[in-house]
Amino acid sequence: MITRSIVVLLVCMNLAVGLWWFVHEAPVDAPPPPLETGVGGLVLLGEAELPDMPDAAELAGVPLPMPERPTCMSLGPFGTPAELRAAMNALSPLAARIQYREVPATEVRGYRVFLSAAASREDALAAARQLAARGVRDYYVVTAGDQENTVSLGLFNELANAEKRREEIAAQGFNARLEPRTEQATQWWIDLVSEPGLDWSAALGQPRGVEARAAQCD
(Lines give C-alpha, C1' and ligand atoms only; values in the text may rest on other atoms or scores of the structure.)
Protein backbone atom coordinates (compact mmCIF):
# COMPACT_ATOMS: atom_id res chain seq x y z
CA MET A 1 0.00 0.00 0.00
CA ILE A 2 2.81 2.41 0.90
CA THR A 3 4.66 1.57 -2.32
CA ARG A 4 1.57 2.31 -4.40
CA SER A 5 1.15 5.69 -2.69
CA ILE A 6 4.78 6.63 -3.44
CA VAL A 7 4.36 5.73 -7.15
CA VAL A 8 1.16 7.78 -7.41
CA LEU A 9 2.94 10.74 -5.74
CA LEU A 10 5.87 10.61 -8.20
CA VAL A 11 3.51 10.48 -11.19
CA CYS A 12 1.63 13.51 -9.91
CA MET A 13 4.89 15.44 -9.43
CA ASN A 14 6.04 14.66 -13.00
CA LEU A 15 2.69 15.80 -14.39
CA ALA A 16 2.93 19.02 -12.43
CA VAL A 17 6.45 19.76 -13.70
CA GLY A 18 5.41 19.05 -17.30
CA LEU A 19 2.39 21.34 -17.02
CA TRP A 20 4.60 24.13 -15.59
CA TRP A 21 7.04 23.93 -18.54
CA PHE A 22 4.11 23.92 -20.98
CA VAL A 23 2.52 27.13 -19.70
CA HIS A 24 5.82 28.81 -18.68
CA GLU A 25 6.97 31.84 -20.73
CA ALA A 26 10.65 32.74 -20.78
CA PRO A 27 11.35 36.26 -19.52
CA VAL A 28 12.23 38.74 -22.24
CA ASP A 29 15.23 40.98 -21.55
CA ALA A 30 14.35 44.61 -21.84
CA PRO A 31 16.31 46.35 -24.61
CA PRO A 32 18.97 48.79 -23.45
CA PRO A 33 18.10 52.45 -23.61
CA PRO A 34 19.12 54.20 -26.84
CA LEU A 35 22.53 55.88 -26.87
CA GLU A 36 22.85 59.59 -27.14
CA THR A 37 24.04 60.95 -30.45
CA GLY A 38 27.83 60.80 -30.81
CA VAL A 39 28.32 58.30 -27.97
CA GLY A 40 29.80 54.93 -28.95
CA GLY A 41 28.82 51.61 -27.44
CA LEU A 42 31.03 49.31 -25.41
CA VAL A 43 32.71 46.45 -27.28
CA LEU A 44 34.49 43.60 -25.53
CA LEU A 45 38.13 43.17 -26.48
CA GLY A 46 37.43 39.62 -27.65
CA GLU A 47 34.66 40.87 -29.94
CA ALA A 48 36.70 43.57 -31.61
CA GLU A 49 38.29 42.89 -34.99
CA LEU A 50 41.97 43.68 -34.65
CA PRO A 51 43.64 45.15 -37.75
CA ASP A 52 46.56 43.36 -39.32
CA MET A 53 49.86 44.43 -37.84
CA PRO A 54 52.01 46.02 -40.56
CA ASP A 55 55.49 44.76 -41.22
CA ALA A 56 58.38 46.82 -39.93
CA ALA A 57 59.45 47.51 -43.51
CA GLU A 58 55.97 48.89 -44.24
CA LEU A 59 56.14 51.15 -41.19
CA ALA A 60 59.33 52.58 -42.68
CA GLY A 61 57.80 52.80 -46.14
CA VAL A 62 58.18 56.60 -46.29
CA PRO A 63 61.86 57.13 -47.12
CA LEU A 64 64.04 59.62 -45.33
CA PRO A 65 65.03 62.75 -47.24
CA MET A 66 68.01 62.30 -49.50
CA PRO A 67 71.14 63.45 -47.61
CA GLU A 68 73.12 66.35 -48.98
CA ARG A 69 76.26 64.19 -48.84
CA PRO A 70 74.90 60.64 -49.21
CA THR A 71 76.82 57.52 -48.32
CA CYS A 72 76.12 54.59 -50.64
CA MET A 73 77.07 51.04 -49.74
CA SER A 74 76.30 47.37 -50.35
CA LEU A 75 75.92 45.02 -47.38
CA GLY A 76 76.18 41.25 -47.53
CA PRO A 77 76.20 38.50 -48.21
CA PHE A 78 73.04 37.20 -46.54
CA GLY A 79 72.68 33.46 -46.92
CA THR A 80 68.97 32.97 -46.24
CA PRO A 81 65.74 34.89 -46.94
CA ALA A 82 65.16 35.12 -43.17
CA GLU A 83 68.49 36.87 -42.64
CA LEU A 84 67.74 39.23 -45.52
CA ARG A 85 64.30 40.10 -44.17
CA ALA A 86 65.62 40.81 -40.68
CA ALA A 87 68.33 43.07 -42.10
CA MET A 88 65.86 44.94 -44.33
CA ASN A 89 63.54 45.53 -41.37
CA ALA A 90 66.41 46.84 -39.23
CA LEU A 91 67.94 49.12 -41.88
CA SER A 92 64.85 50.50 -43.61
CA PRO A 93 64.15 53.18 -40.95
CA LEU A 94 67.76 54.35 -41.21
CA ALA A 95 68.10 54.56 -44.99
CA ALA A 96 66.98 57.18 -47.48
CA ARG A 97 66.93 54.53 -50.20
CA ILE A 98 67.19 50.76 -49.80
CA GLN A 99 66.76 47.69 -51.99
CA TYR A 100 68.10 44.16 -52.21
CA ARG A 101 69.41 41.99 -55.02
CA GLU A 102 69.91 38.28 -55.50
CA VAL A 103 73.22 37.02 -56.87
CA PRO A 104 74.50 33.52 -57.68
CA ALA A 105 77.54 32.45 -55.70
CA THR A 106 79.88 29.56 -55.14
CA GLU A 107 80.16 28.46 -51.53
CA VAL A 108 82.83 26.30 -49.93
CA ARG A 109 81.25 23.26 -48.27
CA GLY A 110 84.43 21.63 -47.00
CA TYR A 111 87.75 20.26 -48.18
CA ARG A 112 88.95 17.01 -49.67
CA VAL A 113 92.38 15.40 -49.53
CA PHE A 114 93.25 12.88 -52.26
CA LEU A 115 95.87 11.39 -54.53
CA SER A 116 95.66 12.50 -58.13
CA ALA A 117 93.96 10.24 -60.65
CA ALA A 118 96.08 7.29 -61.70
CA ALA A 119 96.40 6.17 -65.33
CA SER A 120 94.23 3.11 -64.69
CA ARG A 121 92.21 1.39 -62.00
CA GLU A 122 95.06 -1.07 -61.44
CA ASP A 123 97.49 1.78 -60.77
CA ALA A 124 95.01 3.36 -58.32
CA LEU A 125 94.64 0.05 -56.46
CA ALA A 126 98.42 -0.30 -56.35
CA ALA A 127 98.70 3.16 -54.74
CA ALA A 128 96.06 2.14 -52.20
CA ARG A 129 98.04 -0.99 -51.30
CA GLN A 130 101.14 1.14 -50.77
CA LEU A 131 99.19 3.39 -48.41
CA ALA A 132 97.99 0.38 -46.45
CA ALA A 133 101.53 -1.05 -46.27
CA ARG A 134 102.70 2.17 -44.63
CA GLY A 135 99.96 2.16 -42.04
CA VAL A 136 97.64 4.66 -43.69
CA ARG A 137 93.96 4.01 -43.04
CA ASP A 138 90.72 5.68 -44.11
CA TYR A 139 91.22 5.83 -47.85
CA TYR A 140 88.90 5.00 -50.74
CA VAL A 141 89.56 4.30 -54.42
CA VAL A 142 87.05 6.22 -56.53
CA THR A 143 85.73 3.98 -59.31
CA ALA A 144 83.38 6.33 -61.22
CA GLY A 145 82.55 9.95 -61.89
CA ASP A 146 84.74 12.99 -62.30
CA GLN A 147 87.19 11.74 -59.67
CA GLU A 148 87.59 8.24 -61.13
CA ASN A 149 90.89 6.48 -60.24
CA THR A 150 91.73 9.00 -57.53
CA VAL A 151 92.35 7.82 -53.97
CA SER A 152 90.26 9.77 -51.50
CA LEU A 153 91.97 10.38 -48.18
CA GLY A 154 89.18 12.17 -46.36
CA LEU A 155 86.55 14.92 -46.42
CA PHE A 156 86.85 17.72 -43.86
CA ASN A 157 84.75 20.66 -42.76
CA GLU A 158 87.71 22.62 -41.38
CA LEU A 159 90.70 23.66 -43.46
CA ALA A 160 93.12 23.03 -40.59
CA ASN A 161 92.06 19.39 -40.34
CA ALA A 162 92.45 18.93 -44.08
CA GLU A 163 95.95 20.42 -44.01
CA LYS A 164 96.91 18.14 -41.13
CA ARG A 165 95.78 15.09 -43.09
CA ARG A 166 97.72 16.18 -46.17
CA GLU A 167 100.87 16.60 -44.10
CA GLU A 168 100.43 13.13 -42.59
CA ILE A 169 100.19 11.58 -46.05
CA ALA A 170 103.15 13.63 -47.32
CA ALA A 171 105.24 12.28 -44.42
CA GLN A 172 104.66 8.79 -45.84
CA GLY A 173 106.10 9.84 -49.21
CA PHE A 174 102.87 10.53 -51.11
CA ASN A 175 102.03 13.74 -52.95
CA ALA A 176 98.53 14.37 -51.58
CA ARG A 177 96.41 17.20 -52.88
CA LEU A 178 93.95 19.43 -51.03
CA GLU A 179 91.00 21.08 -52.76
CA PRO A 180 87.91 22.92 -51.52
CA ARG A 181 84.51 21.32 -52.12
CA THR A 182 82.19 23.91 -53.65
CA GLU A 183 78.58 24.11 -54.75
CA GLN A 184 76.34 26.71 -56.34
CA ALA A 185 74.24 28.77 -53.94
CA THR A 186 72.24 31.99 -53.75
CA GLN A 187 73.21 35.05 -51.79
CA TRP A 188 71.52 38.39 -51.19
CA TRP A 189 73.01 41.89 -50.92
CA ILE A 190 71.40 45.10 -49.67
CA ASP A 191 72.13 48.38 -51.46
CA LEU A 192 71.33 51.50 -49.47
CA VAL A 193 71.80 55.25 -49.30
CA SER A 194 72.14 56.90 -45.90
CA GLU A 195 73.64 59.75 -43.97
CA PRO A 196 77.42 59.52 -43.46
CA GLY A 197 78.46 57.51 -40.41
CA LEU A 198 75.62 54.99 -40.41
CA ASP A 199 76.55 52.24 -37.91
CA TRP A 200 74.97 49.41 -39.90
CA SER A 201 76.81 46.73 -37.90
CA ALA A 202 75.21 47.86 -34.65
CA ALA A 203 71.81 48.06 -36.33
CA LEU A 204 72.15 44.44 -37.43
CA GLY A 205 73.43 43.22 -34.07
CA GLN A 206 77.08 42.73 -35.09
CA PRO A 207 76.42 40.03 -37.72
CA ARG A 208 79.13 37.54 -38.60
CA GLY A 209 80.18 37.17 -42.21
CA VAL A 210 78.50 40.41 -43.38
CA GLU A 211 80.66 43.15 -44.84
CA ALA A 212 80.12 46.64 -46.26
CA ARG A 213 81.35 47.66 -49.70
CA ALA A 214 81.39 51.20 -50.99
CA ALA A 215 79.06 51.73 -53.93
CA GLN A 216 78.48 54.44 -56.49
CA CYS A 217 75.55 56.74 -55.79
CA ASP A 218 73.51 56.93 -58.98
Side-chain angles (χ1 to χ4, degrees), residues 51-117 138 140 142 145-148 150-170 174-218:
D52 294 335
M53 294 299 294
D55 188 84
E58 296 176 359
L59 293 176
V62 179
L64 299 176
M66 183 65 69
E68 294 184 3
R69 300 175 58 189
T71 295
C72 302
M73 68 181 74
S74 294
L75 302 177
F78 300 94
T80 66
E83 293 176 355
L84 173 67
R85 181 180 179 85
M88 288 288 291
N89 288 344
L91 294 171
S92 291
L94 307 177
R97 299 291 185 273
I98 187 169
Q99 65 181 16
Y100 69 88
R101 52 189 168 87
E102 179 180 314
V103 296
T106 300
E107 292 187 353
V108 175
R109 294 298 187 182
Y111 304 88
R112 60 187 296 261
V113 179
F114 63 100
L115 299 183
S116 299
D138 299 328
Y140 172 74
V142 181
D146 296 339
Q147 305 297 327
E148 184 177 3
T150 63
V151 180
S152 176
L153 298 167
L155 304 177
F156 304 89
N157 293 326
E158 302 295 333
L159 177 59
N161 294 335
E163 292 176 338
K164 180 180 179 180
R165 176 64 166 172
R166 180 179 59 180
E167 294 171 358
E168 292 173 351
I169 300 302
F174 296 91
N175 184 22
R177 297 178 56 187
L178 186 156
E179 286 185 354
R181 301 169 59 209
T182 61
E183 65 179 32
Q184 294 301 116
T186 299
Q187 294 178 344
W188 290 268
W189 287 76
I190 294 177
D191 301 321
L192 61 85
V193 181
S194 69
E195 293 280 359
L198 171 64
D199 191 353
W200 62 267
S201 182
L204 299 183
Q206 309 294 334
R208 297 182 58 184
V210 177
E211 62 181 69
R213 297 178 181 177
Q216 294 293 329
C217 295
D218 296 330

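The structure presented is a predicted model; accordingly, all values stated were derived computationally and were not measured. In what follows, every heavy atom counts, from backbone to side chain, and hydrogens, waters and symmetry copies are set aside. Throughout, residue positions are numbered sequentially from 1 according to the sequence presented.
- Crowding of Phe156 atom CZ: a count of heavy atoms from other residues, nucleotides or ligands under 6.0 Å exceeding 12.
- In this structure, Met88 CE and Glu83 CD are separated by 14.5 Å, a value rounded to the nearest 0.5 Å.
- With values rounded to the nearest 0.5 angstrom, Leu91 atom CG is found 7.0 Å from Leu198 atom CG.
- Inspection of the Glu107 and Thr182 side chains reveals no N or O donor paired with an N or O acceptor under 3.5 Å.
- Side-chain contact between Glu183 and Thr106 is absent, with no heavy-atom pair separated by less than 4.5 Å.
- Between Leu115 and Ala176, the shortest heavy-atom distance links the atoms CD2-CA, 3.9 Å.
- Annotation: Asp146, atom CG; neighbour count of heavy atoms from other residues, nucleotides and ligands within 6.0 Å does not exceed 12.
- Inter-residue side-chain proximity for Gln99 and Ile190 is flagged as unmet; no heavy-atom pair is nearer than 4.5 Å.
- Nearest heavy-atom pair, Val103 versus Trp189, reported as atom, atom and distance to 0.1 Å: CG2-CD1, 3.6 Å.
- More than 12 heavy atoms of other shown residues, nucleotides or ligands fall within 6.0 angstrom of atom CD in Gln206.
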Given the rule in the side-chain contact (heavy atoms from CB on, under 4.5 Å) test, do Glu102 and Thr186 qualify, once you have shown the distances and angles that lead to the verdict?
-> CA-CA 7 Å; Glu102 179 180 314; Thr186 299; 3.3 Å; yes
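- Here the closest heavy-atom approach between residue Leu94 and residue Ala203 is recorded as CD1-CB, 3.8 Å.
- Expressed to the nearest 0.5 Å, how far CD of Gln147 lies from OH of Tyr140 amounts to 12.0 Å.
- Salt-bridge check for Arg177 with Glu179: passed, with a basic side-chain N closer than 4.0 Å to an acidic carboxylate O.
- Inter-residue side-chain proximity for Leu178 and Tyr111 is flagged as met; some heavy-atom pair is nearer than 4.5 Å.
- The two residues Trp188 and Gly79 make their nearest non-hydrogen contact at CZ3-O, 3.5 Å.
- With contacts defined as side-chain heavy-atom distances shorter than 4.5 Å, the pair Met66/Arg97 qualifies.
- Taking CG from Asn161 and CG from Leu155, the interatomic distance works out to 12.5 Å, rounded to the nearest 0.5 Å.
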Might you work through the side-chain contact (heavy atoms from CB on, under 4.5 Å) test for Val151 and Val142, ending with a clear yes or no?
-> CA-CA 6 Å; Val151 180; Val142 181; over 6 Å; no
Between Leu75 and Leu192, is a side-chain contact (heavy atoms from CB on, under 4.5 Å) present by the stated rule, with each step listed?
-> CA-CA 8 Å; Leu75 302 177; Leu192 61 85; 3.8 Å; yes
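- To the nearest 0.5 Å, atom CG of residue Asp191 and atom SG of residue Cys72 are 9.5 Å apart.
- Residues Glu167 and Val113 fail the side-chain proximity criterion, which asks for heavy atoms closer than 4.5 Å.
- Among all heavy-atom pairs drawn from Thr71 and Pro196, the shortest one is OG1-CA, 3.2 Å.
- For the pair Glu211 and Ser74, the minimum side-chain heavy-atom distance is 4.5 Å or more.
- In summary, Arg165 and Glu163 do not engage in a salt bridge, as defined by a charged side-chain N under 4.0 Å from a carboxylate O.
- The minimum heavy-atom distance between Pro180 and Val108, with the atom names listed, is CB-CG1, 4.2 Å.
- Between Trp200 and Pro207 there is a side-chain heavy-atom pair separated by less than 4.5 Å.
- Using a 4.5 Å heavy-atom cutoff, the side chains of Ser194 and Pro67 are not in contact.
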Give the C-alpha distance, both sets of side-chain angles, the deciding distance and a yes or no for side-chain contact (heavy atoms from CB on, under 4.5 Å) between Phe78 and Val210.
-> CA-CA 7 Å; Phe78 300 94; Val210 177; 4.0 Å; yes
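- Going from atom CG of Leu153 over to atom CZ of Phe114 covers 9.5 Å, rounded to the nearest 0.5 Å.
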